[in-house]
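Following: one structure in C-alpha cells, then a few remarks.
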There are 2 protein chains.
Amino acid sequence: MGAMSPSAPAALDPYADIVDLTAAIVDIPSVSGDEKALADAVQETLRVHAPHLTLERDGDTVVARTHLGHARRVVLAGHLDTVPLKDNLPSHRRERDGVQELVGRGSCDMKGGVAVFLQLAVLATAPPVDLTWIFYDHEEVAAADNSLARIAHTHPEWLAGDFAILGEPTRAGVEGGCKGTMKLEITAHGTAAHSARDWVGDNAIHKLGEVLRRLEAYQARTAVIDGLSYRECLNAVRIDGGIAGNVIPDRAHLTINYRFAPDTDPQQAEAHVREVLEGCAVDIEVSDSASGALPGLDSAPAQEFLAALGDGVRIEAKQGWTDVARFSALGVPAVNFGPGDPLLAHTDDEHVPVTELRDALTSLARWLGVDVTAAR
Amino acid sequence: MGAMSPSAPAALDPYADIVDLTAAIVDIPSVSGDEKALADAVQETLRVHAPHLTLERDGDTVVARTHLGHARRVVLAGHLDTVPLKDNLPSHRRERDGVQELVGRGSCDMKGGVAVFLQLAVLATAPPVDLTWIFYDHEEVAAADNSLARIAHTHPEWLAGDFAILGEPTRAGVEGGCKGTMKLEITAHGTAAHSARDWVGDNAIHKLGEVLRRLEAYQARTAVIDGLSYRECLNAVRIDGGIAGNVIPDRAHLTINYRFAPDTDPQQAEAHVREVLEGCAVDIEVSDSASGALPGLDSAPAQEFLAALGDGVRIEAKQGWTDVARFSALGVPAVNFGPGDPLLAHTDDEHVPVTELRDALTSLARWLGVDVTAAR
C-alpha cells in the first residue's frame, strides 16, 4: 500500500515573513471547488502550531476557536478559494514605480487576508476577546454553494459572535457593512411581424426605450449610516432581443442590477424599482436578491477594534456585497478588513502591495496584543 | 456501367391540372443549394414540350425564350428553391373551412408560381409579346448568392426586357415594385465598472434608451406612387449588451431595419435615419442596403398586362423587398404576381389555396392568349 497511501499534508510555516507566507498560500492553487489541498495545509498548520485552538472541519472549511472565557467573541473569516487561473501562478514579486508587489491569482482576493489570519491565529494566544478563525470554501461561486451558508445551517454555533471581520481586500482599511443587491428581469412583450409590415406587429424592443431612459436619468441616493456613505446604483447589466433581421421582435429582455443601501430591505428595494418604472409597459420580476449589512460600528467590540487600529486607518462604507451580509443576517455586525485593492480582484494582473500585507498584519496584531516583530 | 450511369431526368407533365403540377413540383425537394433535381426536371419538360423556346442553363437556373420578333419582351421569373423543410413534404391536400388547399414546403413560396409559369411557358406559343421565362436558384439565401445577381453579370442579355413579372406570392393579385431595405448597426460605448460602483463607469446600455424612444415615437411616412401606397417602417430588430450581472457594460449594440419607399435611394434613407437619431450618443453604420423598385405601372407593357387581368384583380404596393428590385436596377419595371399568401411563406404550415392557383393561371393565360381549359 505504501506508494498509494496519501501522504500527510505539509504544514505551512506560520512564523514566516508575511509576504513569504502569503506567497506559499497563493502557490497552492485553490480555484473554487478545488480547495482541499489548501484547506488541508491550513488545518495541519493549526494542528501543529496552534494547540490553544480547537479545530473543526466541514467540507473544505476549517474553523479554529479559542475558549478563554471572555465575555465577547470576534469571528475572523477568510475564503480560501479563488476565481479561475489566468496563467498567473506561481506567484512572483516585482517592483513597480517603487512599490514592492506580490503578483498572482489570489494574492489580492484574498490570500493576503488568509495569510494574516493564519499567522495571527497561531500567534494570538492571549487575545482580549475569544476568537473564531474561519477559513472557508466556495465564496467565488453561486451564493447557494457558499460554505458559510452551509455552515449557518449545519453548525450555526461556529458562526456565533459579537462582531465579525471578513478579510476581503480593503487596502488595509476598514470597510463597514455592505450594500444589498437585487437582480430584476424586465420583459417586454409584443407581436411578431415582418419588418416590412410593422403595422401588423408590435415591437417589444422599442418598449425598453422608456425603461432605459429612466435608468439613465435616475438620480441615485446616498445613505449615510454610522458616518459611512453608501451610494446606491441602479443599472441595466444585460439586454437582449431580436429574432431575425427582417422580423419585428415579440419579446425583449433586460436585466437590472440594483445595489441598495443597508438601511433598505429587499422588499423596499423591489418596491422602489417598481416605482421608478411605474407605467412602463413591461413585466418586472425579481430573480435574485441579498440584503446588505449595516456597519454596526457603534457596537462595543467594533469600537475596541477601531480604537486598536488607531486614527490612521481609513474607515469607509463597503460598496460591493460581501459575506459580511451573512454575519449581519445572523445578528453579528461585520466589517471588511484586508490587504489588497478590491478593484484588482479577479483581474489577470491580480497583485497585492507588500506594505498592505504588513499594515494589515500590524494593525490586527496590535488589537490582538501580538508582537509580530518578535515572531521571526 | 448500366446501373451507375445517371438516368435522364424525368419530365413533368406540363398539361396536368395546375394543382397536380404544383404538387409534383413541390414534391421535388429543392432547398437552396439543392435545386439541381428540380432544375433538371424543368429543363427536360421544356426541352420535350416547348420546342418554340430556346433553352439556356447556368448553374441551376433555366432560361427559356421566345424569338417572335415582337417589339416588346416581358420577363417572367420564379425561383425554384425553398427554405429548409420542416417535416412538410411530401405535399398533401386538405379542406379547411370549405377552402381546398395544397399543403407543403414551397407550395406558397413559390412553387405555385413556378407551376403556373411552367404550364404557360409550354402553352403560350403565340403570345402578344416576346417572353423570357426564368426558373432560378438561390433566392432564399444571402443576396450575394442569388442567381439573378450572378446572371446579371454573366449573361445580362437573358434578363433584358421591357417589363418583368416575378411569381412571388401575392394572393394572385398584382403587387407593384417594392420598398428598399437597409440595416444599420447602432453602437453605444461606455466604461466598464463594478455595478456596485457605477460612478466610476459609464453605462453603454442606457445610451440606447433615447434611440429606442425615438424609434417608438417615429411617425412613418406613406409614399403614394402610381396610386400604390408604400408604408415605411423603421424598427429595432436586434439588441444586445452586457458582460456579467455585476458589471456596468462598456458596449451595447442595436440593429435597425429601415424599409423605405422606392422614391428614396439608400443614401437618402441613411441620411434620414441619421436625422431621426440626431444627437444620440451612438455610432451609426450601414451594414446592408438594397434599393426598392418603382412599380412602373405606367409603362405600356404593364398597362397591357393589367388590362388583360381585368378590373377584378387587386393592385397594391409590395411592402417587402423582392427580386423585382433587381429588374428595376436593370431598368426593367417589375411587379409581383403569384398564388399564395406572402404571410404564409416560410411557415411550418405553408400552403396555397387551390382557387389562387387557378386564378393566377387564368389571369396570366388571358393576357398570353392561351385557352387553359383546352389544355386538359
Side-chain angles (χ1 to χ4, degrees), chain A residues 178-179 181 183 193-201 203-218 220 222 230-249 252-259 287-288 318-322 342-343 345-346, chain B residues 178-181 183 193-201 203-218 220 230-249 252-259 287-288 318-322 342-343 345-346:
Chain A
C178 73
K179 290 188 295 202
T181 181
K183 265 193 208 167
H194 194 288
S195 64
R197 303 179 204 91
D198 65 2
W199 56 91
V200 300
N203 194 316
I205 292 178
H206 292 185
K207 297 181 184 182
L208 294 181
E210 178 61 15
V211 175
L212 295 179
R213 209 194 51 73
R214 292 196 193 180
L215 293 179
E216 190 174 35
Y218 183 73
T222 296
Y230 296 89
R231 186 165 165 179
E232 297 196 333
C233 304
L234 183 63
N235 280 278
V237 290
R238 186 170 294 284
I239 191 166
D240 61 273
I243 297 168
N246 60 352
V247 178
I248 303 298
H253 175 258
L254 179 71
T255 303
I256 289 177
N257 184 209
Y258 181 32
R259 301 288 180 141
S287 58
D288 192 24
K318 186 72 178 176
Q319 303 296 341
W321 194 93
T322 74
L343 296 179
H346 305 190
Chain B
C178 73
K179 290 189 294 204
T181 182
K183 265 193 207 164
H194 194 288
S195 65
R197 302 179 206 93
D198 66 0
W199 56 92
V200 300
N203 195 317
I205 292 177
H206 292 185
K207 297 181 184 183
L208 294 180
E210 177 62 15
V211 174
L212 295 179
R213 209 194 51 74
R214 292 196 194 179
L215 293 178
E216 190 173 35
Y218 183 72
Y230 296 89
R231 186 165 166 179
E232 298 196 334
C233 303
L234 182 64
N235 280 279
V237 290
R238 186 170 294 282
I239 192 166
D240 63 271
I243 296 169
N246 61 352
V247 178
I248 304 299
H253 175 258
L254 180 71
T255 303
I256 290 177
N257 184 210
Y258 181 31
R259 301 288 180 142
S287 58
D288 192 24
K318 185 73 176 176
Q319 303 295 344
W321 194 93
T322 74
L343 297 179
H346 305 190

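Just the heavy atoms: all of them, side chains too, but no hydrogens, waters or symmetry mates, feed the values below. Chain identifiers are assigned alphabetically (A, B, ...) following the order of the sequence lines, protein sequences preceding nucleic acid strands; residue numbering begins at 1 within each chain.
Per-residue counts of heavy-atom pairs under 4.5 Å with chain B were compared for A:Arg231, A:His253, A:Lys207; the largest is that of A:Arg231. Counting heavy-atom pairs under 4.5 Å between each of B:Ala193, B:Ala244, B:Gly242 and chain A puts B:Gly242 at the top. Chain A forms the most heavy-atom pairs under 4.5 Å with one residue out of B:Asp240, B:Ile239, B:Val200, and that residue is B:Ile239. Chain A forms more heavy-atom pairs under 4.5 Å with one residue of B:Lys179, B:Lys318, B:Glu232 than with any other, namely B:Lys179.
Proximity of B:Asn246 to A:Thr181: side-chain heavy atoms (C-beta onward) are nowhere separated by under 4.5 Å. B:Asn203 places none of its side-chain heavy atoms less than 4.5 Å from the side chain of A:Leu215.
Judged purely by atom type and a 3.5 angstrom limit, A:His206 has no side-chain atom pairing as donor or acceptor with the backbone of B:Asn235. No side-chain donor-acceptor contact under 3.5 Å links A:Lys183 to the backbone of B:Gly245.
A pairwise comparison of heavy atoms in B:Ala196 and A:Gly320 identifies CB-CA, 3.6 Å as the closest pair. Looking at every heavy atom in both residues, A:Cys233 comes nearest to B:Ser195 through CB-O, 3.3 Å.
Only the side chain of B:Leu343 comes within contact range of chain A, with at least one heavy atom under 4.5 Å from a heavy atom of that chain. Of the atoms belonging to B:Leu234, it is backbone heavy atoms, and not side-chain ones, that fall under 4.5 Å from chain A. Only the side chain of B:Arg259 comes within contact range of chain A, with heavy atoms under 4.5 Å apart. Neither the backbone nor the side chain of B:Thr255 comes within contact range of chain A; no heavy atom of the residue lies under 4.5 Å from a heavy atom of that chain. In this structure, the portions of B:Asp198 lying under 4.5 Å from any heavy atom of chain A include both its backbone and its side chain. Interface residue A:Ile243: only backbone heavy atoms are found under 4.5 Å from chain B.
Annotation: the span from B:Gln319 atom CD to A:His194 atom NE2 amounts to 10.5 Å, rounded to 0.5 Å. Taking CZ from B:Arg213 and CZ from A:Arg214, the interatomic distance works out to 12.0 Å, rounded to the nearest 0.5 Å. B:Leu208 contributes atom CG, which lies 7.0 Å from atom CG of A:Leu212 (distance to the nearest 0.5 angstrom).
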